[in-house]
Amino acid sequence: MTALDELRSAIDKTDQQIVALLAQRFIYTEAVGEYKAEHQLTAQDPNRETLQFRKIAEISEQYGLKPDYALDIYRKIMDIVISRHQELHYK
Ligand SMILES: O=C(O)C(=O)C[C@]1(C(=O)O)C=C[C@@H](O)C=C1
């Protein structure tokens, strides 16, 4: 195995963990979406997002990750969640 193969194998293992956690997160956000639809709450909650983005930036710094990288990824994740909540709301 070359050094490149070893690095790619480590990336594959990490991707497996990321996707498993992402799937778990979407299970929770699906339940939030059902709750919101039932209680007529808006799909997006900017105050909650502000708190989350602050926390995500802090955690990124703790792990030596550029906060902008994590914030970009989380913006995308939350946009997907918001679209899904809108779907649940109007179904
Ligand atoms: O906590 C909520 O209210 C959610 O809908 C979940 C979530 C998230 O993915 O974390 C998604 C959209 C909201 O704008 C805020 C947070």
Side-chain angles (χ1 to χ4, degrees):
M1 228 193 191
T2 66
L4 178 59
D5 289 335
E6 279 175 23
L7 288 169
R8 285 181 173 166
S9 168
I11 289 171
D12 289 346
K13 278 189 201 138
T14 306
D15 286 342
Q16 166 110 29
Q17 293 173 321
I18 291 171
V19 173
L21 288 173
L22 209 46
Q24 185 61 63
R25 190 182 199 283
F26 275 101
I27 288 171
Y28 294 136
T29 57
E30 186 74 8
V32 169
E34 280 160 12
Y35 180 97
K36 285 185 167 184
E38 207 177 307
H39 294 83
Q40 309 293 319
L41 298 172
T42 55
Q44 185 164 23
D45 183 338
N47 291 332
R48 166 78 176 146
E49 288 186 8
T50 301
L51 294 173
Q52 282 171 288
F53 281 122
R54 206 174 295 155
K55 245 184 287 169
I56 287 158
E58 275 173 27
I59 297 167
S60 300
E61 273 163 8
Q62 281 166 19
Y63 281 92
L65 175 68
K66 231 176 147 182
D68 281 356
Y69 292 175
L71 293 174
D72 278 1
I73 292 164
Y74 268 87
R75 182 68 269 156
K76 184 69 193 167
I77 292 170
M78 285 185 202
D79 286 345
I80 293 168
V81 171
I82 291 163
S83 295
R84 175 62 185 148
H85 287 180
Q86 283 164 344
E87 255 176 41
L88 289 170
H89 196 75
Y90 298 112
K91 82 174 179 197

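These numbers come from a predicted model, not from an experiment.
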(message) Can you pull out every side-chain hydrogen bond (donor to acceptor under 3.5 Å, both in side chains) where at least one residue sits in residues 50-71? Sequence neighbours excluded, please.
(response) none
(request) Supply the members, apart from Val32, of the Ile/Leu/Val/Met/Phe/Trp/Tyr cluster built from side-chain contacts under 4.5 Å; use none for a lone residue. (result) none
(request) Share the residues that join Ile27 in a hydrophobic cluster, the rule being Ile, Leu, Val, Met, Phe, Trp or Tyr side chains under 4.5 Å apart at the heavy-atom level. (result) none
(request) Please collect all salt bridge (Lys or Arg N to Asp or Glu O under 4.0 Å) contacts where either partner lies in residues 6-24, sequence neighbours excluded, each pair once. (result) none
(request) Any ring-ring contact (aromatic ring centres under 6.0 Å, His included) involving residues 3-22? Give me the pairs, sequence neighbours left out, ordered by first then second residue. (result) none
(request) Kindly state each residue pair satisfying ring-ring contact (aromatic ring centres under 6.0 Å, His included) with at least one member in residues 23-60, sequence neighbours excluded. (result) Tyr35-His39
What side-chain donor-acceptor pairs closer than 3.5 Å can you find for residues 71-78, not counting sequence neighbours?
{"unit_1": "Arg75", "atom_1": "NE", "unit_2": "Asp79", "atom_2": "OD1", "d": "3.2"}
{"unit_1": "Arg75", "atom_1": "NH1", "unit_2": "Glu49", "atom_2": "OE1", "d": "2.8"}
{"unit_1": "Arg75", "atom_1": "NH2", "unit_2": "Glu49", "atom_2": "OE1", "d": "3.4"}
{"unit_1": "Arg75", "atom_1": "NH2", "unit_2": "Glu49", "atom_2": "OE2", "d": "3.4"}
{"unit_1": "Arg75", "atom_1": "NH2", "unit_2": "Asp79", "atom_2": "OD1", "d": "2.9"}

(request) With the side chain counted from C-beta on, respond yes when His89 and Lys36 share a heavy-atom pair under 4.5 Å apart, and no when they do not. (result) no
The criterion is side-chain hydrogen bond (donor to acceptor under 3.5 Å, both in side chains); which residues satisfy it with [X], sequence neighbours excluded?
| X | value |
| --- | --- |
| Thr2 | Asp5 |
| Gln86 | none |
| Arg48 | none |
| Asp45 | none |

(request) State the CD1-CD1 distance between Ile18 and Ile11, to the nearest 0.5 angstrom. (result) 10.0 Å
(message) For Thr42, give me all partners under side chain to side chain contact (heavy atoms under 4.5 Å, CB included), at least two apart in sequence or on another chain.
(response) none
